[in-house]
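Note sheet for the following structure.
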Amino acid sequence: MAMDNKGWNASQLRNCDLQFDEIPRLHHNDPKVDELMSENKPVVVLGSNLAKSAEKWDLDYLERHMGESDFTVFQSKSHKFKYYDDKKVTSGDGFVPPTKKLDMKLPEFIKRLRAWKKGEDRLYLQQGLNNTVGPAIVHDFLNFDWNFCTGKQSKHNWGSLTSNLMLIGMEGNVTPCHYDEQENLFAQVHGFKRCILFPPDQFECLYPHPVHHPHDRQSMVDFDRPDYNKFPKFRQAKGFETVVGPGEVLYIPMYWWHHVESLMQGSYTVSVNFWYKGGPVSVSYPLKGHQKVAVMRNVEKMLLDVLQDPKEIPVLLRAMVLGRYT
Ligand SMILES: CCC[C@@H](CC(=O)O)C(=O)C(=O)O
Ligand SMILES: [Zn+2]
């Protein structure tokens, strides 16, 4: 495969009907980086040393140093790893989990990753970096450029760092479109990931599952085969995209939708994310897109709390709105 000088080429990207603008890719010293971050806009930061100490995290190194613990690995029959909250699964709701959550030792995971053949079940290691990893990994973790991320945290008034997730994915793995309620500095360590982002105000085009659903925060639209009858506004979604490679950091603002895919016919991918709580809410009118999402979430939660039966929610909302507000 002819690789462009970027280390990948467009044939490795999955087809998507939409057109995207590029997410800006700026050197970490460029003042525009902080301008975009302060406007809650995504940016790829180049040349930072945020996770430079992890650049040696290839499979051999990880096999030698991750330690003997069990790590969280998701298994999927497809290329999609759609997150679900098992605390929101209620018996009899007919929900079929799309992935299986396994505990696996690293050597076993690596063996299966190396032996994997297209068409077989896929695996995606998603493990919080904590004291269960070996001392060498802890050493590398402590050698992340904490000045960089702590600097961003304080400059942009983010809350506390909640976790760092280590992600080891197979080529072609997809984390389908969803939003998180945290700020995210997403450090790409090995391999290439295509990231498609949409601002929070595209809520109406991305049709998230109801808040009480196990797939809360996840889009109902299948990007591989969008159902335009059920989700007509998806055609109007206006997204931004980038491909991040080793040493690059993508800022994913809180509440921004993101779809992330490990490039096809690429290598395995390693990423480390840095999730921060959001900062203090400053209310000014009109409310920002993400604030309206937070309001809608609260309305859904309150309605479920008082109505109890989820099926009554659309009935009440239609009675309230149709013919009165529309
Ligand atoms: C479980 C987290 C997956 C990650 C996307 C990806 O790298 O597949 C993401 O969505 C995030 O960092 O917020
Ligand atoms: Zn996410």
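Remember, it's 1-based here, ligands and their atoms both numbered in the order they're listed.
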Exercise for the section: Kindly indicate whether the side chain of Tyr255, heavy atoms from C-beta on, has any atom under 4.5 Å from the side chain of Tyr179. Expected result: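 Yes, side chains in contact.
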Exercise for the section: State, with a plain yes or no, whether a side-chain heavy atom of Ile196 is found less than 4.5 Å away from one of Cys177. Expected result: no
Under a 4.0 Å heavy-atom limit, does [X] contact ligand 1 with its side chain, its backbone, both, or neither?
X	answer
Asn173	neither
Phe81	neither
Phe186	side chain
Asn184	side chain

Practice task
For residues Phe234 and Phe223, establish whether the separation of their ring centroids is below 6.0 Å.
Solution key: yes
Problem - Ring centres under 6.0 angstrom apart (Trp158, Tyr251) - result: yes
Would you mind listing which atoms of ligand 1 come within a distance below 4.0 Å of any non-hydrogen atom of [X]?
X	answer
His178	10 (O)
Gln126	1 (C)
Lys193	6 (C), 7 (O), 8 (O)
Tyr124	6 (C), 7 (O), 8 (O)
Leu165	1 (C), 2 (C)
Asp180	13 (O)

Exercise for the section: Specify whether His215 and His209 have parallel, tilted or perpendicular ring planes, treating 30° as the upper limit for parallel and 60° as the lower limit for perpendicular. Expected result: tilted
Handout entry: Parallel, tilted or perpendicular: ring planes of His213 versus Phe95, cut at 30 and 60 degrees
Key = perpendicular
Handout entry: Proximal candidate to atom 12 (O) of ligand 1 [heavy atom criterion; set Thr269, Asn273, Val244]
Key =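 Selected option, by shortest heavy-atom distance: Asn273.
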Problem - Sidechain N-carboxylate O distance under 4.0 Å for Lys111, Glu108 - result: yes
Fill in the blank from the handout: Within a distance under 2.8 Å of the Zn ion (ligand 2), the protein atoms of type N, O or S are His178 NE2, Asp180 OD2, His258 NE2
Handout entry: Option from Ile110, Val73, Leu125 for which side-chain contact (heavy atoms from CB on, under 4.5 Å) with Met104 holds
Key =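 In the set Ile110, Val73, Leu125, the residue that makes a side-chain contact (heavy atoms from CB on, under 4.5 Å) with Met104 is Val73.
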Handout entry: Criterion side-chain contact (heavy atoms from CB on, under 4.5 Å) against His65, the qualifying member of Val133, Ile137, Asp140
Key = Ile137
Practice task
Using the ring pair (Phe, Tyr, Trp, His ring centres under 6.0 Å) rule, pick out the option among Phe148, Phe186, Trp146 that qualifies with Phe274.
Solution key: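 Exactly one option meets the ring pair (Phe, Tyr, Trp, His ring centres under 6.0 Å) with Phe274, and it is Trp146.
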Handout entry: Derivation and outcome, side chain to side chain contact (heavy atoms under 4.5 Å, CB included), residues Gln188 and Ser271
Key = CA-CA 5 Å; Gln188 187 55 19; Ser271 317; 2.6 Å; yes
Exercise for the section: State whether Tyr228 and Arg235 meet the cation-pi test: NZ (Lys) or CZ (Arg) under 6.0 Å from the six-membered ring centroid, and within 45° of the perpendicular axis. Expected result: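 Positive - Arg235 is close enough to the ring of Tyr228 and near enough to its axis.
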Handout entry: N or O pair under 3.5 Å between Ser271 and ligand 1
Key =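 There is no such contact.
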Exercise for the section: Measure the distance from atom 9 (C) of ligand 1 to every protein heavy atom, then report the residue, atom name and distance (to 0.1 Å) of the closest one. Expected result: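 Ranked first by proximity to atom 9 (C) of ligand 1 is His258 NE2, 3.9 Å.
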